[in-house]
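Below, chain A is the first sequence line, B the second, and so on; all start at residue 1. In what follows, every heavy atom counts, from backbone to side chain, and hydrogens, waters and symmetry copies are set aside.
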Number of protein chains: 2
Amino acid sequence: MNIGDVASKSGLPAKTIRYYEEIGLVCPPRGENGYRSFGEDELHKLAFLGRARALGFSIEDCRILLALYEDDGRESAQVKKVAEDHLKRIEEKIAQLQSMRSTLKHLVSSCAGDNRPNCPILNDLARD
Amino acid sequence: MNIGDVASKSGLPAKTIRYYEEIGLVCPPRGENGYRSFGEDELHKLAFLGRARALGFSIEDCRILLALYEDDGRESAQVKKVAEDHLKRIEEKIAQLQSMRSTLKHLVSSCAGDNRPNCPILNDLARD
DNA sequence: GTTGACCTTCCAGTAACTGGAAGCACTATC
DNA sequence: GATAGTGCTTCCAGTTACTGGAAGGTCAAC
């Protein structure tokens, strides 16, 4: 398979796949013409990476998860730890965004949004 | 005031203030010794920026908000638009993170987290 | 043989800082 | 007056995970 094939099958852009090769997440062999030649295993890996990224795991987490996936001697506790840490970071991020949302909602609803200059949003940002 | 003073008063790191000057958000005059010399107005601006950033506004949004703040002819509708667009983006982000959280929570709870290799998290990432 | 799609590499840019090095400036102390 | 310590300056590089684009080689079809 050429890169375009695995791109459409994995859902990842070709650019991203080249990038993943550059940083060592995958290393497809090359054909005579210099084209990357992907097998089912590489496609499987890329799909794995796509799903992990879709769950918000960082590239470094993905690297670890992939290594654990390929390590028969892994302990599920290692995987769980990575996922739990990530979950915790996500929950912190959600809390932070919810706090912003709450403040913003309040500000937006208090602003007339008309053609006059007075604005509670700016007043709040400029408060002393 | 030197940069260290406005840094502690505004809560922004000195590095960040220099960066804000570099991108034209503030432009404090310089003293004889080449040091940046901040007045109350610059401090006020920096505090404004700090609060806007804390609400998650992008630097470009901050630039717009600051310009509106300093424009007596502004219409509150302009400010409200910026805030509403930002609020919408935040809500989308929250929804995305909540979806990740939901999946992750489920996966984490289904993983034994022991010394055995079998792991539902990896199974899910590797599913066909 | 030429068009068009697909592949290659390389370089630059994104957002918003942050860390660190090298080197002045200022203040306090001996 | 020398020195130490802190604070200021600029400049360069690195962060995250790609993404866009240019210049050019390859392949299949007509």
Quiz prompt | DNA chain D: 5'-proximal contact among A:E60 and B:Y35 (nearest heavy atom) | solution = B:Y35
Quiz item: B:E21 CD to C:dA16 P: how many Å, rounded?
Solution: 18 Å
Practice problem: Take atom OH of A:Y19 and atom P of D:dT15, then tell me their distance rounded to the nearest Å. | Solution: 10 Å
Quiz item: Quick one: is D:dA17 close enough that its OP1 or OP2 comes under 4.0 Å of any side-chain N or O from A:Y20?
Solution: no
Quiz item: Does A:R36 put a side-chain nitrogen or oxygen below 4.0 Å from OP1 or OP2 of C:dT9?
Solution: yes
Quiz prompt | Whole-Å distance separating the CG atom of A:D61 from the P atom of D:dT16 | solution = 11 Å
Self-check item: Residue pair A:G31 / A:S37: nearest heavy atoms and the distance that separates them
Solution: N-CB, 4.4 Å
Quiz item: Which comes earlier along DNA chain C counting from the 5' end, the contact point of A:D5 or that of B:S58, where each point is its nearest nucleotide?
Solution: A:D5
Practice problem: Begin from the C-alpha positions of A:E84 and A:K88 and carry the test salt bridge (Lys or Arg N to Asp or Glu O under 4.0 Å) through to its verdict. | Solution: CA-CA 6 Å; A:E84 276 174 338; A:K88 188 152 167 271; over 6 Å; no
Exercise. Using whole Å, report how far CD1 of A:I59 lies from C1' of D:dT15.
Key: 14 Å
Practice problem: Report the residue (A:N33 or A:P13) whose heavy-atom-nearest nucleotide on DNA chain D is the more 5′ of the two. | Solution: A:P13
Exercise. Pick base, sugar-phosphate or nothing for A:F57, based on heavy-atom distances below 4.0 Å to the nucleic acid.
Key: nothing
Exercise. Would you indicate, yes or no, if C:dT18 has its OP1 or OP2 atom less than 4.0 angstrom from a side-chain nitrogen or oxygen of B:T16?
Key: yes
Practice problem: Specify the separation, in whole Å, of atom CG of B:N2 and atom C1' of C:dT27. | Solution: 13 Å
Quiz item: Can we say B:D85 and B:K81 salt-bridge, meaning some charged N sits less than 4.0 Å from an Asp/Glu carboxylate O?
Solution: yes
Mind listing the N/O atom pairs, protein and nucleotides 20-22 of chain C, below 3.5 Å?
unit_1, atom_1, unit_2, atom_2, d
C:dG20, O6, B:K15, NZ, 2.3

Self-check item: Spacing between B:M1 atom CE and D:dG7 atom P, to the nearest angstrom
Solution: 17 Å
Quiz item: Between B:A14 and B:I3, what is the shortest heavy-atom contact and its length?
Solution: O-CD1, 3.6 Å
Self-check item: Point-to-point distance, once rounded to the nearest 0.5 Å, from CG of A:L46 to OG1 of A:T16
Solution: 10.0 Å
Self-check item: Interatomic distance, B:E22 CD vs C:dA16 P [rounded to whole Å]
Solution: 14 Å
Quiz item: Looking at side-chain heavy atoms only, is the closest gap between A:V26 and A:L49 below 4.5 Å?
Solution: yes
Practice problem: Rounded off to whole Å, could you give me the CG-to-C1' distance for the A:L49 and D:dA17 pair? | Solution: 13 Å
Quiz item: Taking only side-chain nitrogens and oxygens of B:R18, does any of them come within less than 4.0 Å of OP1 or OP2 of D:dT9?
Solution: yes
Exercise. Please work out if B:I3 contacts a base, only the sugar-phosphate, or nothing of the nucleic acid, heavy-atom cut-off 4.0 Å.
Key: sugar-phosphate
Exercise. Return no unless some side-chain N or O of A:R30 is found under 4.0 Å from OP1 or OP2 of D:dT26.
Key: no
Quiz item: Does a salt bridge link A:R63 with A:E60, judged by any charged N lying under 4.0 Å from a carboxylate O?
Solution: yes
Quiz item: How about A:R89: does its CZ atom have over 12 heavy atoms from other parts shown lying under 6.0 Å from it?
Solution: yes
